[in-house]
Engineer: 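Dumping the structure here so I can ask a few things about it.
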Amino acid sequence: MSATPSWQAADGCVHTGPLLQSVNGFDVVACEACGFSHTLPLPTPQELEHIYSHEYYTQEKPLYIERYLEDKAWWDEVYAERYERLEAELPAGRRRLLDIGSGPGLFLAAGRERGWNVMGVEPSERASSYSREVLKLDVRSMFLNEETAPTLGQFDVVNLGEVLEHLPDPAGMLRLVHGLLAPGGMLVALVPNDFNPFQRVLNESMGVAPWWVAPPHHLNYFDTDTLPRLVQRCGFEVRHVETTFPIDLFLLMGHNYIGNDTLGRQAHAMRKTLEMNLRAGGETGRALKSRLHRAFAGLGLGREVLAFARKIDDSPSPA
Ligand SMILES: [Zn+2]
């Protein structure tokens with residue numbers, strides 16, 4: 001196998017770069033054309049649509065909604081922190097939010113409780129019907145694309161939580177989001193922080209298989225540099241970048257939760273306890289938590305990258 005695989009997409013673009021990993025017949029390359037790492041080849045939109053409307057929440061993640069509800073107290077704090085940041089960035093009258101890939105709808109429900117006007121888009125039938133029937137939210141069962149986007153209206157915030165890593169054209173999605181935002185509106189993007197230094201140490205020095213490489217569900221592999229760069233290139237000013245807790249730290253401490261659900265839940269519970277205790281620690285605890293997560297990001301560490309960015313008005317639509 002060549003150390004720099006290359007693949008030509010239907011639009012003629014040649015994707016090529018150093019090979020990072022090969023898993024399940026997919027190569028992950030640090031793509032020079034895109035400026036971030038992704039699999040070669042990229043599946044067609046039709047192949048993906050099948051995976052997400054039929055398989056994802058029923059086969060891939062059977063306990064997804066149940067686990068979400070078990071963790072609700074913690075999610076409420078995680079989401080409160082995100083809304084606090086958005087409320088500091090936007091004037092009080094600007095509270096229209098669209099969540100793309102809204103899952104069971106807890107982020108939307110948290111916003112509604114704070115007085116936000118919220119809407120969701122979620123292709124999974126199971127997750128979107130939970131949002132509508134149980135949480136009474138306005139969530140549409142559909143994929144966001146050039147045909148469906150103009151039917152939704154205009155928003156002050158668009159949230160993309162764990163979406164961009166799944167898409168064959170994440171820049172195309174950011175272009176759609178740019179069009180959905182009112183002038184000066186905010187984008188919130190969360191993606192896994194992959195090939196991070198803890199993972200590389202675990203893989204290179206301890207022989208741990210690259211569990212984070214998961215094609216065809218994860219096509220793109222971002223980090224604390226490449227996510228902000230992509231967002232910027234798509235017409236946004238990056239306002240804030242932080243990462244979530246570096247849960248892979250537990251692996252380095254010998255608590256090997258890979259493929260072990262019980263150990264995984266234990267690690268997650270300890271992380272939740274840490275974060276809840278810091279949040280409960282008044283101004284000191286909250287400020288420390290915030291500085292800690294920015295510092296993790298500065299080291300390239302953390303399980304996910306979270307970026308807040310403002311739409312630059314009149315910026316040319318990215319090609
Ligand atoms: Zn590429």
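Every number for a ligand or one of its atoms is a count from 1 in the order of the listing.
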Engineer: Can you count the protein N/O/S atoms lying under 2.8 Å from the Zn ion (ligand 1), leaving waters out?
Structural biologist: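 For the Zn ion (ligand 1), the figure is 4.
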
Engineer: Give the ring-plane orientation class for His166 versus His218, where under 30° counts as parallel, over 60° as perpendicular and anything between as tilted.
Structural biologist: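 The rings of His166 and His218 stand perpendicular, inter-plane angle above 60°.
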
Engineer: Could you check whether Arg303 pairs with Asp194 (Lys NZ or Arg NE/NH1/NH2 to Asp/Glu carboxylate O, under 4.0 Å)?
Structural biologist: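 Yes, charged N to carboxylate O under 4.0 Å.
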
Engineer: Please determine whether a side-chain nitrogen of the Lys or Arg among Asp261 and Arg265 lies less than 4.0 Å from a carboxylate oxygen of the Asp or Glu.
Structural biologist: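 Salt bridge absent between Asp261 and Arg265.
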
Engineer: Is Glu84 salt-bridged to Lys289, going by a charged N under 4.0 Å from an acidic O?
Structural biologist: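 No.
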
Engineer: I'd like to know if Arg82 and Glu89 make a salt bridge, using a cut-off of under 4.0 Å between side-chain N and carboxylate O.
Structural biologist: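 Result for this pair is no, no salt bridge flagged.
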
Engineer: When the ring planes of Tyr68 and Tyr79 are compared, do they come out parallel, tilted or perpendicular, using 30° and 60° as the limits?
Structural biologist: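 It falls in the tilted class, 30° to 60°.
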
